There are 2 protein chains.
Amino acid sequence: MKRSQEATVEGTGRRAGLDRADVVLAALRLVETEGADALTMRNLAGRLEVTTTTIYWHVGGRDELITELIRYQSEIQAARPIEGETPHERVVSLARHIWESARENRAITSLAHQNGATSLLERPLEIALVHELQVAGVTGAAAAEAHRAILATVGGLLIQALRDESIIPANRRSEALWADTDPELGLDAATIDALAQPADLDALFESTINAVVAHILAKPEPVKRRSRPAAAKAAGPAKNKTKRARKSTTKRTTKSNG
Amino acid sequence: MKRSQEATVEGTGRRAGLDRADVVLAALRLVETEGADALTMRNLAGRLEVTTTTIYWHVGGRDELITELIRYQSEIQAARPIEGETPHERVVSLARHIWESARENRAITSLAHQNGATSLLERPLEIALVHELQVAGVTGAAAAEAHRAILATVGGLLIQALRDESIIPANRRSEALWADTDPELGLDAATIDALAQPADLDALFESTINAVVAHILAKPEPVKRRSRPAAAKAAGPAKNKTKRARKSTTKRTTKSNG
DNA sequence: GTGTTACTTGCACACTGTTACAGACGGACT
DNA sequence: AGTCCGTCTGTAACAGTGTGCAAGTAACAC
């Protein structure tokens, strides 16, 4: 928070000294400290000691705020070195980056997920993943399929992980359901017991992602190629409104591709 | 909708002829026809031509309503025959059941997902899956791991599928992001193009789930066995589980079977 | 001075889930 | 017959949510 000076006290004419970036940053802090559900316009405004209208003036709306917040966070998460020598190792390493950064930033991940911005949050890492697949010799439709398979696997485990911190009534949580299973069903007691225990998701991640990546890299490239004359969309008009042409000095360091 | 008779016209004393099941069923229809977000108490009340208070009286609250709705739907979805001869085929068949029933009932799946009731919705199929794994010789901790890996894979693909019908702003959708990718990044054009196209999720499902199941069934049972004396919980008192205990003054009729 | 731009506020609207309270109907009991 | 009570149903409200309109003032340009 910079906020040039606390300036005047109150009234419509006072200068709060707020910046668009200030609002986004405050929102980020708010989500990190109090969780995704705490990000309400009034809550954020109160934290900045202004009214909601001021927030709206600066960022334009909740959706825009979230988009910018996620985009900002996505650049932070991109800064992880890819480890490993073989293509398999490096691809798994990247998947692990997605996994770990999501787990380390549960609240923001949760926020992104609730608002359909997961792709946006993972975007830099997704780009790096495509690049790594390309280096491994996987391109075109096969690369798209591989990419999606990996993301689906990570994402699936992720929702299990996020469920744990979410405030879900006990009678809906998976472990509770298994602990309550009717013994008449003839299911193995040890299995039920294992299912009623909290899962070791990190181990599950390693095991599953390795299987999926191995499957992907082993698969020969599909021969049938859809002849499709490439993006006509990229030249289209830039959406509708964006008020402020997204300043930011982004310029990612592209540490993972070249 | 049975509603004994349209009965009296209006006023506090009129009989709307509503049943707890009627409300749940109406909610189900509402979700199916207008989507998960349309399930609001006022909306549902309006559809039944009563006020929200009546809904509350019958079902107790939104959470309870959803729980019952999901539980009802879960039993419908359970009615699918398992196909295949080999364990692999049968496990994949079950996973496909989860996948297909979720895709065929997007709105309810979406509702369950938003409210953390996914486990509840898939419960009968999950039980069948555990059973099938057991028949295949996978039990205990290995079964739990296998079970979770399969569910994560299906779930991950599912959120991709649900994203498509969700009303997500265009600039956050994955395909749009890829269509907008900076060509300077040095990524293969054919790959980007493939990623900008809508995915064939059914094919992706088949491919990925087969790999995961193959990996699971091939894995030898872990030798290192955590010395855990097994189910002490299975016999214990079933949590505190209130389910029906909470209600201020009036005691509801507990009409739902036993 | 006057005018314009950049912010900030107050207030309102339409929603959401939920509840306290008060009715009215129907049957049981006296 | 009168009374009581449990079973519904409605009215109105509360505290929240995102969002937009009109007005206000400070800072700056002239």
Side-chain angles (χ1 to χ4, degrees), chain A residues 3-23 26-27 30 34-67 69 111 114-115 167 169 241 243-244, chain B residues 3-23 27 30 34-67 69 111 114-115 167 169 246-255:
Chain A
R3 304 190 74 166
S4 53
Q5 273 144 341
E6 285 308 308
T8 48
V9 268
E10 56 183 18
T12 66
R14 82 186 179 100
R15 305 278 96 162
L18 273 188
D19 202 347
R20 179 172 235 251
D22 288 333
V23 176
L30 181 57
E34 298 186 29
D37 291 340
L39 182 60
T40 70
M41 303 307 266
R42 284 174 177 80
N43 212 344
L44 178 58
R47 167 93 35 141
L48 287 168
E49 294 179 324
V50 291
T51 52
T52 58
T53 324
T54 301
I55 308 289
Y56 278 94
W57 196 92
H58 281 293
V59 298
R62 188 170 195 266
D63 244 45
E64 251 179 282
L65 172 63
I66 290 179
T67 299
L69 191 158
L111 179 73
Q114 285 171 17
N115 293 86
I167 31 107
K241 59 162 180 184
K243 183 174 190 174
R244 187 155 311 228
Chain B
R3 304 191 74 164
S4 53
Q5 274 145 340
E6 286 308 309
T8 50
V9 271
E10 57 183 19
T12 65
R14 81 184 180 103
R15 304 278 100 159
L18 274 188
D19 202 345
R20 180 172 233 250
D22 288 333
V23 177
L30 181 57
E34 298 187 29
D37 291 341
L39 182 60
T40 70
M41 304 306 266
R42 283 175 177 80
N43 213 344
L44 177 59
R47 169 98 27 145
L48 287 169
E49 294 179 324
V50 292
T51 53
T52 58
T53 322
T54 301
I55 308 290
Y56 279 93
W57 197 92
H58 280 294
V59 298
R62 188 170 195 266
D63 244 46
E64 249 180 284
L65 171 62
I66 290 179
T67 299
L69 191 158
L111 178 74
Q114 286 171 16
N115 292 86
I167 32 109
R246 80 175 194 97
K247 185 58 183 181
S248 53
T249 52
T250 59
K251 68 176 65 172
R252 210 174 309 107
T253 49
T254 73
K255 49 178 45 74

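Chain naming here is simple, since letters A, B, ... match the order of the sequence lines and numbering starts at 1 in each. Note that the coordinates shown come from a computational prediction; the quantities given were computed from them, not determined experimentally.
Between B:Arg62 atom CZ and C:dG17 atom C1' the separation is 8 Å, expressed in whole Å. Atom CG in B:Asp19 sits about 9 Å away from atom P in D:dC8, given to the nearest Å. If you measure from atom CG of A:Asp63 to atom P of D:dT17, you get 17 Å, rounded to the nearest angstrom. Taking atom CG on A:Asp37 and atom C1' on D:dG18, their separation rounds to 15 Å, with Å as the unit. Spacing between atom CD1 of A:Ile55 and atom C1' of D:dG20 amounts to 16 Å, rounded to whole angstrom units. Residue B:Leu44 contributes atom CG, which lies 13 Å from atom P of D:dT9 at whole-angstrom precision. Counting to the nearest Å, the P atom of C:dC13 and the CE atom of A:Met41 are 20 Å from each other. The distance between atom CD of A:Glu49 and atom C1' of C:dG10, rounded to the nearest whole Å, is 18 Å.
Position along DNA chain D of the nearest nucleotide to B:Thr51 versus A:Arg42 favours B:Thr51 as the more 5'-ward residue.
Atom CG of A:Leu48 is separated from atom CG of A:Asn43 by 10.5 Å, given to the nearest 0.5 angstrom. Interatomic distance, CD1 of A:Ile55 versus CZ of A:Arg42, reported as 12.0 Å (0.5 Å rounding). The distance from the CE atom of A:Met41 to the OG1 atom of A:Thr51 is 11.0 Å, given to the nearest 0.5 Å.
Using a 4.0 Å cut-off, no side-chain N or O of B:Thr53 falls inside it from OP1 or OP2 of C:dT18. Taking only side-chain nitrogens and oxygens, B:Thr40 comes nearer than 4.0 Å to OP1 or OP2 of C:dT16. Contact check, B:His58 against D:dT9: a side-chain N or O comes under 4.0 Å of OP1 or OP2.
Relative to the side chain of B:Trp57, the nucleotides D:dT7, C:dT8, D:dG10 differ in distance, and D:dT7 lies closest. Of all nucleotides listed (C:dT8, C:dT18, D:dG20), C:dT18 comes nearest to the side chain of B:Thr52.
Inter-residue side-chain proximity for B:Leu111 and B:Leu69 is flagged as met; some heavy-atom pair is nearer than 4.5 Å. Between A:Leu44 and A:Leu65, some side-chain heavy-atom pair lies under the 4.5 Å cut-off.
Within the helix from C:dG1-D:dC30 to C:dT30-D:dA1, the inter-axis angle between the opening and closing five-pair segments is 30°, rounded to 10°.
Residue A:Leu39 is classed as a sugar-phosphate contact, given heavy-atom separations below 4.0 Å to backbone atoms only.
Without hydrogens or angle criteria, B:Asp22 side chain to B:Asp19 main chain gives a donor-acceptor distance under 3.5 Å.
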Apply the test side-chain contact (heavy atoms from CB on, under 4.5 Å) to residues B:Ile66 and B:Leu39: give CA-CA distance (whole Å), side-chain angles for both, the deciding distance (0.1 Å), then the verdict. CA-CA 9 Å; B:Ile66 290 179; B:Leu39 182 60; 4.2 Å; yes

